[in-house]
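Just so it is clear, the model here is predicted, and its values are computed rather than measured.
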Amino acid sequence: MEVQHSLTEPGKPFYNMKKPVEIVCASPGFSMSRHDHGWEIKSDGHTRAINVPEVVTGDEYVEFARKIYRMNWIPAARKWTGEPSLSFEEVSPVEACELLLRIPWYQRNMDDRKIEEWAGAMARGEWRTTHQGLAIDHQGMLFDGQHRLAAQIIVGKTLRYSVARGIQGDTFTVVDRGKMRSSSYTFAAAGEKDAFNLSAALRLLWMWENVAVEKWKNRHPVSDDQLREVLERHPDIRHSVKRGKTVPGASARATTLIHYLAAQACGSSTVPDNWYAQLGSGENFQRRDPGLVLRNYFLGGESNEKGSGAPVRSMQSVIQVLFLFATAWNNTCTGQQRSIVKAYGIHGVPALKTPGPRHLFRFPLDAPIE
């Protein structure tokens, strides 16, 4: 098996599929036929064949592995005869491809989000060799590490792993039973205060800087290294984490981000600090002030559009909270009073403005919060 690299997309790997096809079709019940641009693989238990090109990308190779396992393909056993062993080894992309064809029946579902997260870290050079690497059981099956290998195949880099061999198959039931360490754990270990909300706000700020809002998705993969880099560039977000949680029902990471962006727009946190304190207390607003309308919206005090008096929903998506807080801030800066909150539409999240001559802030703009 060979790995090639694209001339038009430097670093992107391509894999020759002759050997993987031969490995699959050496198993009972599987057969192949050659055509002009590759092979067709058939299984006795499935009416639908799969077509395999001569050369595939890393993503296509991972999808090939998924397809053959869905056809109930079972790798041939390669029994380990010695004692269990542990070593640190360099694993090439080609070796990763071969290992991905050693997945046992109980370990087949691969999580796209996890693969994407690993691949991103590997491509950025953030991969670190740890005690958690690859494990191969006493039958020669890949016991642990399929997501790392799939990501490596996509990236096409040789990586160093800890490799355990000869592991008993029943050990699988006690692997990875503990809770995964989150980014908040990492920041807490580094001595950061309110690490949970800090890591959530940093993740949202990274997305704000790097991904169009309409492409945001839940649990967008962002590594700890990327979050630390964001914190190095935006150290004042720690203050916004402290001041940005104001109204029950509104996403804290979203309100924190708006506080931080408002402070950046103003050149200091003085005005956002006072406005957020006002949102929390509800004091010193006038009836149609955007801040009061926003507060009532999340506390359920604002009537719906039909005037029935029923409270609106208290929980909103992160993007909607960003939109509502940004809009209320901008309306306060420009002096536009509102009786109801404008519903979130298709316009994304507006850029934050600075207070103008007709602003509706009910406090001196240069007064620090007590």
Side-chain angles (χ1 to χ4, degrees), residues 6 8-12 57-60 62-63 111-126 150-151 154-155 182-184 187 196-237 240-241 244-245 249-266 272 290 294 297-298 313 315-334 341-354:
S6 170
T8 57
E9 299 179 70
K12 186 173 184 178
T57 65
D59 291 289
E60 290 169 339
V62 173
E63 185 58 27
D111 184 339
D112 286 334
R113 185 188 63 81
K114 193 62 184 174
I115 294 172
E116 182 182 354
E117 185 176 339
W118 277 120
M122 292 172 181
R124 293 188 298 271
E126 297 172 5
I154 291 170
V155 174
S182 63
S183 297
S184 61
F187 282 108
F196 178 83
N197 285 307
L198 175 63
S199 63
L202 288 170
R203 185 177 301 273
L204 200 61
L205 179 54
W206 182 93
M207 292 168 63
W208 178 264
E209 292 182 329
N210 293 279
V211 184
V213 171
E214 61 270 17
K215 295 183 179 180
W216 285 11
K217 57 185 178 182
N218 195 32
R219 296 185 63 82
H220 197 99
V222 185
S223 71
D224 288 355
D225 283 352
Q226 288 175 299
L227 295 183
R228 281 191 288 267
E229 189 272 333
V230 173
L231 184 58
E232 288 175 4
R233 290 189 292 107
H234 302 279
D236 291 341
I237 199 170
S240 293
V241 169
K245 301 183 292 292
S251 164
R253 56 180 168 166
T255 59
T256 295
L257 179 59
I258 295 300
H259 180 283
Y260 182 70
L261 295 176
Q264 282 195 314
C266 293
L294 178 73
Y297 182 82
F298 282 99
R313 293 180 302 170
M315 296 299 295
Q316 308 293 332
S317 71
V318 169
I319 297 176
Q320 189 169 11
V321 173
L322 288 172
F323 172 83
L324 294 172
F325 268 70
T327 301
W329 168 268
N330 285 346
N331 288 341
T332 304
C333 286
T334 57
V341 173
K342 182 180 178 182
Y344 169 67
I346 60 172
H347 307 295
V349 180
L352 272 68
K353 299 179 179 180
T354 56

[atom2] on [Y] to [atom1] on [X], rounded to 0.5 Å:
{"X": "Phe325", "Y": "Leu352", "atom1": "CZ", "atom2": "CG", "result": "11.5 Å"}
{"X": "Met207", "Y": "Leu205", "atom1": "CE", "atom2": "CG", "result": "11.0 Å"}
{"X": "Arg253", "Y": "Leu322", "atom1": "CZ", "atom2": "CG", "result": "9.0 Å"}
{"X": "Leu324", "Y": "Ser317", "atom1": "CG", "atom2": "OG", "result": "8.5 Å"}
{"X": "Thr57", "Y": "Glu63", "atom1": "OG1", "atom2": "CD", "result": "10.0 Å"}
{"X": "Asp224", "Y": "Leu231", "atom1": "CG", "atom2": "CG", "result": "12.0 Å"}

Which heavy atom in [X] sits nearest to a heavy atom in [Y], and how many Å separate them?
{"X": "Cys266", "Y": "Trp329", "value": "SG-CZ2, 3.7 Å"}
{"X": "Gly244", "Y": "His259", "value": "CA-CB, 4.4 Å"}
{"X": "Ala250", "Y": "Thr255", "value": "CB-CG2, 3.9 Å"}
{"X": "Ile115", "Y": "Val62", "value": "CD1-CG1, 4.5 Å"}
{"X": "Pro290", "Y": "Ala328", "value": "CB-O, 3.6 Å"}
{"X": "Pro350", "Y": "Thr327", "value": "CG-OG1, 4.2 Å"}

Item to check | Arg228 with Glu232: basic N within carboxylate O range, under 4.0 Å | outcome: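 Salt bridge absent between Arg228 and Glu232.
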
Item to check | Any residue meeting side chain to side chain contact (heavy atoms under 4.5 Å, CB included) with Ala201, in chain and number order, not counting sequence neighbours | outcome: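 Once residues adjacent in sequence are excluded, the partners of Ala201 under the side chain to side chain contact (heavy atoms under 4.5 Å, CB included) criterion are Ile237, Val241, Thr256.
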
Item to check | Pairwise side-chain contact, Leu257 with Leu261, heavy-atom cut-off 4.5 Å (strictly under) | outcome: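 Touching, per the 4.5 Å side-chain cut-off.
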
Checklist entry - How about Phe298 and Val321: do any of their side-chain heavy atoms sit closer than 4.5 Å? => result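 SC-SC contact between Phe298 and Val321 confirmed.
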
Item to check | Those residues that, when tested against Glu126, pass side chain to side chain donor-acceptor pair (under 3.5 Å) (two or more places apart) | outcome: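 Checked Glu126 against side chain to side chain donor-acceptor pair (under 3.5 Å); matches are Arg124, Ser223.
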
Item to check | Results of salt bridge (Lys or Arg N to Asp or Glu O under 4.0 Å) for Lys245 - residues two or more places apart only | outcome: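 So Lys245 forms a salt bridge (Lys or Arg N to Asp or Glu O under 4.0 Å) with Asp194.
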
